[in-house]
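Throughout, protein chains are lettered first and strands after them, A, B, ... in sequence-line order, and every chain is numbered starting at 1.
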Amino acid sequence: MWPCAYGRDPARAAFQRKVCRVGRCWQRPVRLPPGGCLLDADIVAALEEQVCRAAAAIGIDPATVEPAVRRSDFADYQADLAMGLAKRLGKPPRDIAAALIATGELDDLCAEVAVAGPGFLNLTLADGALSERLIAAARDDRLGVPNHDPTHRVVVDYSAPNVAKEMHVGHLRSTVIGDAIVRLLDFLGHEVIPQNHVGDWGTPFGMLIEQLIEDGEQATAERLSVGELGSFYQRANERFTSDPDFAERARRRVVALQAGDEETLRRWQLLVDASERYFSRVYDDLEVRLTPEDLAPESRYNPALPQVVRDLESLGLAVESEGALCVYPEGSTGRDDRPLPLIVRKRDGGYGYATTDLAAVRHRTDDLDADWLIYVVGAPQAQHLAMVFQASREAGWLGDDVRVDHTAFGSVLGDNGKMLKTRSGKPIRLADLLDEAVQRARTLIEEKDPDLPADEREQLARAVGIGAVKYADLSSDRLKDYTFAWDRMLSLQGNTAPYLQYAHTRIRSVLRRAGAEEVLPPADVIHVADPAERALALQLLGFGATLDQAAELLQPHRICTYLFDLASTFTTFYEACPVLKAGSAELVASRLTLCALTGRTLAAGLALLGIRAPARM
RNA sequence: GCCCUCGUAGCUCAGGGGAUAGAGCACCGGUUUCCUAAACCGGGUGUCGCAGGUUCGAAUCCUGCCGAGGGCGCCA
């Protein structure tokens with residue numbers, strides 16, 4: 001294809017700079033296997049490189065052009081760079097496009113390159129190039145998706161429930177989105193460190209511990225472990241507001257807790273332990289990867305807080321105001337354009353969550369040595385986090401080489417357009433929501449497939465019900481609010497988990513019939529003559545690029561959109577192209593390979609979202 | 001008052017500067033001697049909130065306005 005001396009190749013160097021343009025090499029440059037040709041299934045990257053090469057050949061510095069290759073309605077792909085070059089070169093864009101074609105650089109991969117419209121380059125791939133890459137992907141455990149290069153050490157902060165407080169739909173979003181991001185970045189080769197920033201400290205623990213004393217330790221621990229957190233918290237709160245004696249005891253209890261009183265700490269620990277047992281159960285039900293090892297609760301930072309404050313003072317960043325110690329990060333203003341404070345030490349000498357968050361940043365960069373911090377936290381926290389990040393930058397705790405993202409998400413709304421609540425206006429317990437999801441899935445399965453053995457039905461109900469809830473949460477842009485609707489998310493039609501799961505089982509069924517379910521050596525050649533075959537082939541080869549984009553933008557919904565398109569494209573193929581009854585043995589093998597690759601890609605994509613792909617439904 | 005986010009088909013949503021803005025639902029019609037009909041195929045929908053600007057080209061980038069939600073000092 002082209003020489004191996006990539007390091008000195010100006011077109012490649014320029015192309016790599018191009019893909020790194022986001023700033024700090026967060027995007028993946030094309031990886032070069034030792035053999036010197038691209039095994040990477042990502043054909044867009046290969047085409048872009050050839051376009052850069054063509055640009056260089058007509059005397060354009062490839063570092064200064066955007067190859068702009070994308071899927072096209074008019075050909076397999078299109079490159080849109082000629083129009084942008086017209087003014088610079090003082091030539092009509094169609095002439096430039098023609099000159100790019102004339103270099104012959106695109107001939108390796110393309111059977112046909114044509115100028116269209118104002119100067120689009122319509123690229124039609126050579127069948128051989130498609131076939132070759134499909135076979136490489138089919139042979140590869142990773143479906144032709146290379147590791148990201150360079151890889152990063154990434155802290156993902158997500159879920160973050162509160163001790164002795166019910167988990168609700170807000171935690172659902174953080175947990176599900178965070179889990180998908182963890183799985184995705186892990187798959188792409190990054191070293192991922194999940195951090196569950198559990199809320200286990202603060203003033204409410206005074207009343208919670210007093211309530212524990214009133215209810216009895218044994219009984220409270222038992223109730224909390226099985227998820228009766230909401231009623232416990234509520235009772236404590238009611239006592240606190242209605243009984244001045246209780247409130248006074250609670251206030252004294254906070255002081256004792258902060259002072260490290262042993263007996264108080266023991267009771268606090270009891271609340272923490274019982275709650276964490278419950279969280280683990282919910283995580284198991286949700287089928288997310290979070291484990292007790294990932295716990296990094298707020299209290300763990302307590303010992304570091306005085307030092308954080310001392311350092312901020314000695315750096316001259318923290319100043320006293322109205323008795324409190326404040327940092328004023330650049331760029332944040334509140335009412336009357338006054339700078340907004342981050343209160344790092346309260347008037348009473350205590351520390352709030354800002355200080356804890358600063359300590360956490362420090363721990364993650366210094367001790368965990370992360371160079372990428374991801375906070376999967378609701379959108380309302382945007383200003384707070386921006387201030388924490390800015391203060392950390394100013395304090396030198398976040399270097400320029402560390403990327404930080406607030407991966408914000410919107411609210412879950414009911415069908416009334418308001419925040420999802422029960423009819424009585426209370427927040428919906430996450431655990432109840434999951435139970436209902438499984439129950440609804442079970443009912444559907446009983447209707448459609450009454451003969452299924454009970455244990456299989458239960459497994460399936462879990463896979464479908466939990467998958468539906470998670471997929472509904474992941475499939476639209478996380479930043480927007482989303483409307484929760486059982487019927488939509490459990491539908492077999494549309495962009496839903498059950499639809500994808502069903503598409504996957506249909507594929508598995510074909511493979512079963514072919515006796516090829518376990519091992520399927522790929523065909524020697526993949527036929528892409530039929531438009532439906534070709535469309536499927538092109539879609540399959542876009543998997544890696546989709547994952548890269550989803551990871552770069554931290555948008556799991558891009559994976560969903562891709563998988564739905566893949567399933568739709570497959571369906572069209574499946575209708576148009578007989579597989580087992582194709583004309584020749586060769587064609588059967590080719591189409592079976594397409595089926596197998598599609599099935600594996602669907603399963604892999606769903607797995608990255610934390611959703612199971614059962615073999616039968 | 002200031003700041004942030006959102007506004008795309010009747011509904012739920014895709015669309016990160018490119019050609020004619022796309023799906024699903026809903027609605028209408030069709031498909032089962034045929035690889036899972038829990039499915040599939042066909043049928044028409046738009047002042048991309050409004051107005052300017054940048055650009056060869058804007059749903060996409062910038063500014064202003066309107067509408068919705070959220071945030072703005074010691075809760076986390």
Check whether any side-chain N or O of R513(A) sits under 4.0 Å from OP1 or OP2 of U36(B), and answer yes or no. yes

Within this structure, what is the CG-to-P distance between D415(A) and C13(B), rounded to whole angstrom? 12 Å

In whole Å, I'd like the distance from the CD atom of Q555(A) to the P atom of G16(B). 9 Å

Pairwise P distance for C48(B) and A21(B), with rounding to whole Å: 10 Å

Stacking between F120(A) and the base of G18(B) (centre distance under 5.5 Å, interplanar angle under 30°)? no

If you measure from the P atom in C25(B) to the same atom in C40(B), how many Å do you get, rounded? 8 Å

Separation of F564(A) atom CZ from G15(B) atom C1', in whole Å? 14 Å

With a 3.5 Å cut-off and just heavy-atom distances, do the side chain of S321(A) and the base of G73(B) make a donor-acceptor pair? yes

Counting only Watson-Crick or G-U wobble pairs whose two distances fall under 3.5 Å, which nucleotide matches G29(B)? C41(B)

By the 4.0 Å heavy-atom rule, please label N495(A) as base, sugar-phosphate, or nothing. nothing

RNA chain B nearest-nucleotide lookup for R478(A) and A379(A): closer to the 5′ end is R478(A)

Counting side-chain heavy atoms from C-beta on, which of G73(B), C72(B), C40(B) comes nearest to E575(A)? C40(B)

Heavy atoms only, 4.0 Å cut-off, all strands: where does P578(A) land among base, sugar-phosphate and nothing? base

Whom does C75(B) pair with, Watson-Crick or G-U wobble, provided both distances fall under 3.5 Å? none

Please give the distance between the P atoms of G22(B) and G15(B) as a whole number of Å. 15 Å

How close do S392(A) and L358(A) get, heavy atom to heavy atom, and via which atoms? OG-CD2, 3.4 Å

Assign G199(A) to base, sugar-phosphate, or nothing according to its heavy-atom contacts below 4.0 angstrom with the strands shown. nothing

How is A116(A) classified with respect to the nucleic acid when contacts are heavy atoms under 4.0 Å: base, sugar-phosphate, or nothing? base

Using atom C1' of each nucleotide, how far apart are C35(B) and G43(B) to the nearest Å? 28 Å

Do the two ring centres, one from Y502(A) and one from Y499(A), sit under 6.0 Å apart? no

Please state how far atom CG in D481(A) lies from atom P in U5(B), giving the value in whole angstrom units. 14 Å

Stacking check Y353(A) vs C75(B) (5.5 Å / 30 deg): no

G17(B): pairing nucleotide in any strand, Watson-Crick or G-U under 3.5 angstrom: none

When all nucleic acid strands are considered with a 4.0 Å heavy-atom cut-off, which category describes D487(A): base, sugar-phosphate, or nothing? nothing

Could R347(A) and E322(A) be called an ion pair, given the rule that one side-chain N must be under 4.0 Å from one carboxylate O? no

With a 4.0 Å cut-off on heavy atoms, is C560(A) in touch with a base, just the backbone sugar-phosphate, or nothing at all? nothing

Between CZ of R488(A) and P of G24(B) the distance, given in whole Å, is 15 Å

Which is true for R558(A) with a 4.0 Å heavy-atom rule: it touches a base, it touches only sugar-phosphate, or it touches nothing? base

Expressed in whole Å, how much space separates the P atoms belonging to A39(B) and C65(B)? 49 Å

Taking the C1' atom of each, how far is U8(B) from A23(B), in whole Å? 13 Å

Report the distance from atom CD of Q549(A) to atom C1' of U60(B), rounded to the nearest whole Å. 14 Å

Has Q501(A) got a side-chain atom pairing as donor or acceptor with R612(A)'s backbone, closer than 3.5 angstrom? yes

Does C11(B) have a Watson-Crick or wobble partner in any strand here, with both distances under 3.5 angstrom, and which is it? G24(B)

Quick note, R335(A) side chain, CB onward, closest among C75(B), G73(B), G18(B) is G73(B)

N237(A) CG to C75(B) P, in whole Å, measures 15 Å

For R506(A) and A39(B), what is the distance between atoms CZ and C1' respectively, to the nearest whole Å? 5 Å

Test side-chain contact (heavy atoms from CB on, under 4.5 Å), reference V464(A), set I611(A), L444(A), L490(A), output is L490(A)

Is it the case that A76(B) (base atoms only) and D357(A) (side chain only) share a donor and an acceptor within less than 3.5 Å, ignoring hydrogens and angles? no

Report the nucleotide, chosen from G73(B), C40(B), A19(B), that has the shortest atom-to-atom distance to any side-chain atom of E322(A). G73(B)

Short side-chain donor-acceptor distance under 3.5 Å, T483(A) and R488(A): no

Measure from the side chain of L340(A), starting at C-beta and using heavy atoms only, and say which of C72(B), C75(B), U8(B) lies closest. C72(B)

Among Y353(A), Y301(A), Y375(A), find the one that has a ring pair (Phe, Tyr, Trp, His ring centres under 6.0 Å) with H197(A). Y301(A)

Under a 3.5 Å limit for both distances, which nucleotide forms a Watson-Crick or G-U wobble pair with U54(B), could you say? none

When you get a sec, tell me which of C6(B), C2(B), G17(B) is the closest nucleotide to the side chain of R70(A)? G17(B)

Please evaluate the base of A38(B) for a donor-acceptor partner in the side chain of Q493(A) within a cut-off of under 3.5 Å? no

Touch check for R94(A), heavy atoms < 4.0 angstrom, all strands: base, sugar-phosphate only, or nothing? nothing

Over all strands shown, is A324(A) touching base, sugar-phosphate only, or nothing at heavy-atom distances under 4.0 angstrom? base

Watson-Crick or G-U counterpart of C6(B), or none if no pair lies under 3.5 Å: G67(B)

Without swapping roles, check the side chain of T569(A) against the backbone of A535(A) for a donor-acceptor pair under 3.5 Å. no

